[in-house]
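Below is one structure, written out as structure tokens; the observations come after it.
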4 protein chains.
Amino acid sequence: MPNRLPNTPPPRGAHRSSPRWRRLPEERPRQILDAALEVFGERGLAGARLDDIARRAGVSKGTIYLYFPNKEELFREVVRAVVVDRLRQAAANAGTGDPVQELERYLRAHWDFVLSPAFQTIFKLVTGELHNFPDLAEFYGREVVMPANQLLAGMIRRGIERGDFRQVDPVLAAGFMASTAITHSTWCARRHVFKLLTDVTDEQVFEQLLDFIFHAIRVTPAPATPVGAE
Amino acid sequence: MPNRLPNTPPPRGAHRSSPRWRRLPEERPRQILDAALEVFGERGLAGARLDDIARRAGVSKGTIYLYFPNKEELFREVVRAVVVDRLRQAAANAGTGDPVQELERYLRAHWDFVLSPAFQTIFKLVTGELHNFPDLAEFYGREVVMPANQLLAGMIRRGIERGDFRQVDPVLAAGFMASTAITHSTWCARRHVFKLLTDVTDEQVFEQLLDFIFHAIRVTPAPATPVGAE
Amino acid sequence: MPNRLPNTPPPRGAHRSSPRWRRLPEERPRQILDAALEVFGERGLAGARLDDIARRAGVSKGTIYLYFPNKEELFREVVRAVVVDRLRQAAANAGTGDPVQELERYLRAHWDFVLSPAFQTIFKLVTGELHNFPDLAEFYGREVVMPANQLLAGMIRRGIERGDFRQVDPVLAAGFMASTAITHSTWCARRHVFKLLTDVTDEQVFEQLLDFIFHAIRVTPAPATPVGAE
Amino acid sequence: MPNRLPNTPPPRGAHRSSPRWRRLPEERPRQILDAALEVFGERGLAGARLDDIARRAGVSKGTIYLYFPNKEELFREVVRAVVVDRLRQAAANAGTGDPVQELERYLRAHWDFVLSPAFQTIFKLVTGELHNFPDLAEFYGREVVMPANQLLAGMIRRGIERGDFRQVDPVLAAGFMASTAITHSTWCARRHVFKLLTDVTDEQVFEQLLDFIFHAIRVTPAPATPVGAE
DNA sequence: GATGAATGAGGGTTCATTCAT
DNA sequence: AATGAATGAACCCTCATTCAT
């Protein structure tokens, strides 16, 4: 009956014969991908409705099919394009100064990033859905996890070479650092639902985390307790 | 599996050599919960089909509804019953001996547990779906995360009091340890999809993890430079 | 395939070795039929659940199938046995005295009956479901409507012969009387939902109804004062 | 009817000579409501299948949900739209001339209407299902029963004032007239199932009904038998 | 005879996908 | 290019019916 649904974006000019302003069609895919990231993040792959994605992107449902052949491929593109894009730009600020300072700077950036809603969303998707998409999983490992780990491991390696850090496996140590930040960040982000960590700020947590990490790898005059190592 | 084809009219007088079902009311809920855990883990809440859960449990679809009012409540029960059950038994072996040895023992048990398929599944569900179930999230925080953290924090606290560990926030340190193990374990479990860490064994990873953790908190005879603190 | 026909006389109890107390099995069918009448009346044929009928009859669901081959046949039996039974007993008190007084007495009984919950239920079933059961409909017409109509028409006919009533078609007039009572009674019974007739009592309505009916058929020799009105 | 077999994969490039559907959004609700009226009338609320309604409306099942949120609401709309619509138009031809003639004209229209399949259906639904829908019942009383009764009562009242009719309660008398017509019409409509009234035509019945009704309310010279008053 | 756990076809409802406009 | 009405397969859930106990 009503020929215009609620939530319809502002009606474009009723001028027909005259050249009217158009939304740039080249932005469509990005609009859709951004909207899809949000909805997939909230509802998961199966739970997300194309209707919602379309509405949030400000387009109609049919339009999605002009750019993506189906829901699953849209999901692939979300991970491929949006995720990689965002993670890349987060990993970009790699300096080459003092390893200790550089590491600290990097960890702070990492912490800020993993606390961001964007990352929380991505992490959820990766954890929950990626195992059904082997190609995407490999892609994610190759394009996201690996480079980030390389970057971090490189810093640690240089620190070891300069005598700042003790002899650890740089790759594994990098993994420990990143993973600690990641999981802990999800707990921080869920304080209100888990009713946990309600009396410390994110910043305090991060400082303790830094302290924890640096103690774990810095050189130490003498080992206190030789545990767990043979 | 079903010995009667769909749409086949009931074979009224057909003599059957084996009964179509047996009466096992005491075992049904557990069978269903176990099957549901698997399927939810593979497909998520929205993607799981009750048909699959039923088939995997060896019962018919209708039977599920004799024990659980609907899919969502089944999901709740899966998390409640299975998770709590398994996590509790994992946390049960808490000794009270030498904090260092005890901590090491606990971390090993924790590591083994988080590497198990059961935990991997649960973790996926918690990460991906729990934010839509506030009551479950709170329940999970209260019944699972909190107790495990208390246990671990207690060991650390005793280690600090005995002079084995340095002054750290026991609760946060416990969180770091657990989270490191958790996230890293998911990476280990996904070596084959991420194509990462393919040249080290789980055991080697764990040893490095222990080394990392103990260095992070053990007392250090001589002060090093205070990093990461301003 | 059903090894027991409907209307089978109550199965006598198999002698057991030990005499234990039993609920009288010969009452089962009637218990079930009574419960079924209620539930069918409330929910209709399709909407009624055997579970509810069983519960209301105080038996288990399977027990119903010991006495009735399926739901539809149970419905048939409800109409056949219970409905006819009740309608018959209501119609039974037919005297043979003064036609006018007899008619009045009969109409009063009729009015009381159509106001009863039992009749309301039956009327609902007959109106709503019977057209899908041609055999039942014919049966109902033959066993219920026809006899009642005959009875009423007989009184009218005798009244005409005696000069009390004017020349009308006794059968049609009987139909008008009964139908007026029937439909109007459903309105009375639904005062609270229709929000109608809320300021008159059932008795007042009946008196007006009597007045209406008798004016419609009595001979009218000369003008007189209105009856049944104050 | 469906030109695509179930489970057949979508024939992507299959050229179809005729379009699968046409766009008729303005007509859809009415088509669906009409079909629903029929099916609800035949099977009742619980027994009606949306599949059947859809097929009879010439649309697919999903289309119904574009216009009605669910089955129950569709039922509501059927009663609301169809009933009110038709009854309104039936009540529209209310003149203001000679009460006697007007009443006769009205009763004839009423009789024709209650004999129509549409009304028979509605009456069945109202009788059988309305008690589960209190809001609809109230609506029906307010919008249908009440206005029709008012109209009829008005004619009677004017007839009384002009001395054509005797002193009766106009509202109750109107009820008697309408109800007689209604119930009796259902009997007429069911002659073939009840095997009753098979030797008189609807027209003959109506003439007798008119005679019955007019005798009931017209002024009469003298009371024949003082009945129904004590 | 009686029970009620188990079954599975059926129906309401959703939503990815298509396509006339 | 964009729309959104229409479709129909798929899925959750119900409940009549069966049958081991």
Side-chain angles (χ1 to χ4, degrees), chain A residues 3-5 8 22-23 25 28 46 48-52 54 59-67 69-72 74, chain B residues 2 4-12 16 19-25 28 46-52 54 59-67 69-72, chain C residues 11-14 16 22-23 25 28 46 48-52 54 59-67 69-72 74, chain D residues 2 4-12 16 19-25 28 46-52 54 59-67 69-72 74:
Chain A
N3 51 11
R4 176 178 298 280
L5 292 174
T8 301
R22 299 179 281 121
R23 276 175 296 176
R28 282 287 138 71
R49 287 173 305 200
L50 287 189
D51 256 327
D52 290 342
V59 300
S60 79
K61 208 166 28 159
T63 300
I64 295 177
Y65 284 84
L66 294 176
Y67 299 99
N70 56 45
K71 191 185 186 184
E72 190 175 307
L74 172 60
Chain B
R4 195 194 286 186
L5 290 176
N7 275 333
T8 302
R12 295 258 178 168
R16 251 181 246 93
R20 274 193 301 156
W21 41 264
R22 264 166 304 147
R23 210 178 267 247
L24 297 168
R28 286 278 176 272
R49 285 172 303 194
L50 287 187
D51 256 326
D52 290 342
V59 301
S60 78
K61 209 168 26 163
T63 301
I64 295 177
Y65 287 86
L66 294 177
Y67 300 98
N70 55 46
K71 190 187 189 183
E72 189 174 308
Chain C
R12 278 129 293 153
R16 296 292 160 72
R22 303 178 277 123
R23 274 175 298 177
R28 281 290 135 73
R49 285 173 308 199
L50 287 187
D51 255 326
D52 291 342
V59 302
S60 79
K61 207 168 25 162
T63 300
I64 295 177
Y65 283 84
L66 294 175
Y67 299 99
N70 55 45
K71 190 187 186 182
E72 190 175 307
L74 172 59
Chain D
R4 196 194 284 185
L5 292 176
N7 275 334
T8 302
R12 295 257 179 167
R16 255 181 244 90
R20 275 193 300 158
W21 40 263
R22 263 165 307 147
R23 208 179 269 246
L24 297 168
R28 286 278 176 272
R49 285 171 304 195
L50 287 187
D51 257 327
D52 291 341
V59 302
S60 78
K61 209 162 34 152
T63 299
I64 295 176
Y65 285 86
L66 293 177
Y67 299 98
N70 55 46
K71 191 187 189 181
E72 190 174 307
L74 173 59

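Bear in mind the structure is a predicted one, so any value in this text is a computation, not a measurement. Every chain is numbered from 1, with letters handed out A, B, ... down the list of sequences.
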Secondary-structure stems for DNA chain F, with pairs counted as Watson-Crick or G-U when both distances are under 3.5 Å and runs at least 3 long:
E:2-21 with F:2-21
Test of understanding: with salt bridge (Lys or Arg N to Asp or Glu O under 4.0 Å), list the residues that count as partners of B/Lys61, not counting sequence neighbours.
B/Asp51
Closest-nucleotide ordering on DNA chain E, the 5'-leading residue of B/Gly62 and D/Tyr65:
B/Gly62
Just call it for C/Ala46: base, sugar-phosphate, or nothing, with non-hydrogen atoms closer than 4.0 Å on any strand.
nothing
Excluding sequence neighbours, so at least two apart, what forms side chain to side chain contact (heavy atoms under 4.5 Å, CB included) with B/Ser60?
B/Thr63
Reckon B/Leu50 touches a base, only the sugar-phosphate, or nothing at all at heavy-atom distances under 4.0 Å?
sugar-phosphate
Give a yes or no on whether the backbone of B/Ala48 and the side-chain of B/Lys71 come within a donor-acceptor separation of less than 3.5 Å.
yes
E/dT3 phosphate, OP1 or OP2, under 4.0 Å from C/Thr63 side-chain N/O:
yes
NZ of B/Lys71 versus P of E/dT14: gap in Å, rounded?
14 Å
What is the distance from CG of C/Leu74 to P of F/dA16, rounded to the nearest Å?
11 Å
Return yes if the base of E/dT7 and the side-chain atoms of B/Lys61 contain a donor-acceptor N/O pair under 3.5 Å, otherwise no.
no
For B/Gly47 and D/Ser60, find the nucleotide of DNA chain F closest to each by heavy atoms; which residue's nucleotide sits nearer the 5' end?
D/Ser60
In whole Å, I'd like the distance from the CG atom of D/Asn70 to the C1' atom of E/dG11.
14 Å
Taken to the nearest whole Å, CG/C/Asp51 to P/F/dC13 is 18 Å
Using a cut-off of 4.0 Å on non-hydrogen atoms, how would the nucleic acid contact of D/Ala54 be classed: base, sugar-phosphate, or nothing?
nothing
Nearest to side-chain heavy atoms of B/Val59, which nucleotide of E/dT7, E/dT3, E/dA16:
E/dT7
If I take atom CZ in residue B/Arg28 and atom C1' in nucleotide E/dA6, what distance separates them, rounded to the nearest angstrom?
8 Å
Please tell me if the side chains of D/Leu74 and D/Leu50 come closer than 4.5 Å, counting only heavy atoms from C-beta onward.
yes
Mind calculating the distance between OH (D/Tyr67) and P (E/dG12) to the nearest angstrom?
20 Å
Map A/Leu66 and C/Glu72 onto DNA chain F by nearest heavy atom, then report which one ends up closer to the 5' terminus.
A/Leu66
Side chain to side chain, B/Arg28 and B/Leu66, heavy atoms closer than 4.5 Å:
no
Starting at atom CD1 of B/Ile64, determine the distance to atom P of E/dA5, rounded to an integer number of angstrom.
16 Å
